[in-house]
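Since the structure is predicted, the reported quantities are computational estimates derived from the model, not experimental observations.
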Amino acid sequence: LFLASTTFNVLVAASLARTLQAGNHKVKTRLLLIDQKKPMDTAAIAKTGCFGQIEQLALQTGSKQDYRNTLLTRLEHALAEFPADHLYTGNDRRLEFQFCYWQLRKHRAVTGHYFDDGLYSYTGFNKNPLIDRMEYFFKRLQLGAWVKRPVQPGAGDYYQQPKQSGRAY
């Protein structure tokens with residue numbers, strides 16, 4: 001199961017999915033598009049056959065709370081339809097990834113995979129520490145103990161592989 005929020009994440013995910021399929025033709029892959037402000041044209045990616053399914057979960061409309069509630073509900077349904085053992089993301093600070101990981105771990109062993117698209121390893125990750133802590137506190141209070149706060153993307157405790165910048169694993 002791949003979670004992608006940007007066009008570049010989709011391309012990296014497609015490359016990884018194709019690599020996985022080359023090693024095992026029975027691998028089933030699904031792409032969930034998250035954090036979309038407008039519909040993403042996925043026709044070209046669909047033609048490659050990298051993903052068995054591509055789904056855009058929810059467009060950002062209305063209040064942030066309404067969007068988040070809709071998104072988490074749709075993620076629950078997507079996970080019920082496609083109970084994955086492997087979860088791929090380009091940003092483990094995203095609530096969508098954390099929620100999926102938490103939900104899947106309730107029922108099975110799941111392996112998290114971080115694919116580094118270079119954004120944070122090359123440009124860095126700057127966030128005001130005070131605002132970051134406050135945001136984390138309120139999200140955890142509102143959503144639950146499953147919300148985590150990795151220091152930077154790719155630094156979470158979700159992965160069984162060593163983390164190295166500039167590499168997909």
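- Gln21 pairs by the side chain to side chain donor-acceptor pair (under 3.5 Å) definition with Arg18, Thr29, not counting sequence neighbours.
- Contacts classified as salt bridge (charged side-chain N to carboxylate O under 4.0 Å, His left out) and involving residues 5-16 (residues at least two apart or in different chains) are not found.
- Remark: Gln56 engages Leu33, Gln36, Pro39, Met40, Leu59 in a side-chain contact (heavy atoms from CB on, under 4.5 Å) (not counting sequence neighbours).
- Ring planes of Phe99 and Trp146: perpendicular class, angle over 60° (limits at 30 and 60°).
- Checked against Glu96 for a side chain to side chain contact (heavy atoms under 4.5 Å, CB included), the options Leu57, Leu72, Leu71, Leu32 give a single hit: Leu71.
- Contacts classified as ring pair (Phe, Tyr, Trp, His ring centres under 6.0 Å) and involving residues 26-73 (residues at least two apart or in different chains) are given here: Phe2-Phe51.
- Not a single side chain to side chain donor-acceptor pair (under 3.5 Å) links His77 to another residue, sequence neighbours left out.
- In terms of the side chain to side chain donor-acceptor pair (under 3.5 Å) criterion, residue partners of Lys139 (sequence neighbours excluded) are, by chain and number, Glu135.
- A 4.5 Å side-chain heavy-atom check between Asp85 and Thr111 finds every atom pair outside the cut-off.
- Pairs engaging residues 45-65 under the salt bridge (charged side-chain N to carboxylate O under 4.0 Å, His left out) rule: Arg30-Glu55 [sequence neighbours left out].
- Across every non-hydrogen atom of Ala4 and Leu31, the tightest pair is CB-CD1, 3.9 Å.
- By the side chain to side chain donor-acceptor pair (under 3.5 Å) test, Asp41 pairs with no residue at all, sequence neighbours left out.
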